[in-house]
Amino acid sequence: MAKKDILGTAPDDPVAAKWQVVRDMDANLIDTALVEAANANPALRALFPLVSHGSLQFSRCTRFPWSQDLPSIFPHGERHFRVLGLHEPRGSGREQIGGAVTADEAVELVASHLPPGCGPALDGTPDDLESLSRVE
């Protein structure tokens, strides 16, 4: 059996360990209802979560630099969120997918805009990932 780390997760599961860190964050850093909604979604729970300026972002890999090719959720007013594609390969870099939605709706928008086969997150860098190709 794998040795457990301080978070109580197997040290060979960086995705689960990072989700625990994010779930333990203070509400002034990230909306806790959003985190719990995202963690409850199996597709998002398989990805590596990142928090920056109140946003919840996702990576297909666990090591820097992150994959930066999946939709992200940003706060948008009181208890509402917007979903953006920050690093779309053929877009402006800030494609709005949906806005002024609840945490649950934002999670569903992200999950429905994930490219096929993008999870689970790989313990590595973007160089270790195969290129995503969107079905257009």
Side-chain angles (χ1 to χ4, degrees):
M1 184 161 154
K3 182 181 169 190
K4 300 287 183 178
D5 68 10
I6 194 166
L7 295 174
T9 59
D12 58 315
D13 189 353
V15 173
K18 181 64 175 198
W19 269 109
Q20 189 60 52
V21 168
V22 171
R23 292 178 77 196
D24 290 342
M25 286 183 170
D26 193 82
N28 69 348
L29 298 175
I30 186 74
D31 186 282
T32 56
L34 173 62
V35 170
E36 292 307 315
N39 185 255
N41 183 293
L44 299 188
R45 189 174 52 245
L47 301 171
F48 193 72
L50 303 158
V51 173
S52 178
H53 299 88
S55 70
L56 182 59
Q57 302 178 28
F58 305 94
S59 177
R60 296 184 305 124
C61 59
T62 62
R63 299 182 192 185
F64 184 82
W66 321 118
S67 64
Q68 300 181 353
D69 56 358
L70 302 177
S72 301
I73 305 171
F74 287 80
H76 185 68
E78 180 116 1
R79 308 298 296 173
H80 284 93
F81 303 91
R82 60 188 173 144
V83 176
L84 299 176
L86 295 180
H87 306 281
E88 295 295 318
R90 291 180 296 278
S92 68
R94 294 219 180 252
E95 175 189 339
Q96 182 160 321
I97 296 168
V101 296
T102 67
D104 289 333
E105 291 167 336
V107 165
E108 288 305 315
L109 274 171
V110 171
S112 70
H113 283 82
L114 293 176
C118 77
L122 175 75
D123 187 13
T125 69
D127 291 337
D128 300 318
L129 296 169
E130 291 182 32
S131 294
L132 280 181
S133 60
R134 290 195 180 269
V135 176
E136 309 233 9

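These numbers were taken from a predicted model, which means no experiment stands behind them.
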### Rounded distance [0.5 Å steps], CG in Asp123 versus CZ in Arg63
4.0 Å
## Note on the structure
Ala121 and Thr62 have their tightest heavy-atom pair at CB-CG2, 4.4 Å
### Working for side-chain contact (heavy atoms from CB on, under 4.5 Å), residues Gln57 and Phe74
CA-CA 9 Å; Gln57 302 178 28; Phe74 287 80; 4.0 Å; yes
### Query
Is the closest side-chain heavy-atom distance between Asp31 and Arg79 below 4.5 Å?
yes
### Query
Could you state the interatomic distance from CD (Gln68) to SG (Cys61), rounded to the nearest 0.5 Å?
9.0 Å
### Message
So which atom in Phe81 and which in Ile73 form the shortest heavy-atom distance, rounded to 0.1 Å?
### Response
CB-CG2, 3.7 Å
Using residues 33-41 as the side-chain source, report each donor-acceptor pair under 3.5 Å to any protein atom, sequence neighbours left out, with the distance given to one decimal.
residue : atom : partner : partner atom : Å
Glu36   : OE1  : Arg23   : NE           : 3.2
Glu36   : OE1  : Arg23   : NH2          : 2.7
Glu36   : OE2  : Arg23   : NE           : 3.0
Asn41   : OD1  : Ala43   : N            : 3.0
Asn41   : OD1  : Leu44   : N            : 3.2

### Query
Under a 4.5 Å cut-off applied to non-hydrogen side-chain atoms, are Leu50 and Ser59 in contact?
yes
## Note on the structure
Only residue of Leu114, Leu122, Leu70 satisfying side-chain contact (heavy atoms from CB on, under 4.5 Å) with Arg60 is Leu70
### Query
How many angstroms lie between atom OG of Ser55 and atom CG of Leu29, to the nearest 0.5 angstrom?
11.5 Å
### Task
Apply side-chain contact (heavy atoms from CB on, under 4.5 Å) to Leu129 and Ser67, showing your working.
CA-CA 8 Å; Leu129 296 169; Ser67 64; 3.9 Å; yes
### Task
Drop me the distance from Arg82's CZ to Leu109's CG, to the nearest 0.5 angstrom.
13.5 Å
### Residues forming a salt bridge (Lys or Arg N to Asp or Glu O under 4.0 Å) with Asp104, sequence neighbours excluded
none
### Shortest non-hydrogen contact between Lys18 and Pro49, atoms and distance
CE-O, 3.2 Å
#### Entry: Residue list, side-chain hydrogen bond (donor to acceptor under 3.5 Å, both in side chains) with Arg45, at least two apart or on another chain
none
### Message
Set out, in order, the CA-CA distance, both residues' side-chain angles and the distance that settles side-chain contact (heavy atoms from CB on, under 4.5 Å) for Leu56 and Val51, then state yes or no.
### Response
CA-CA 5 Å; Leu56 182 59; Val51 173; 4.2 Å; yes
### Message
Show the nearest heavy-atom pair for residues Val15 and Leu47, with the distance to one decimal.
### Response
CG1-O, 3.4 Å
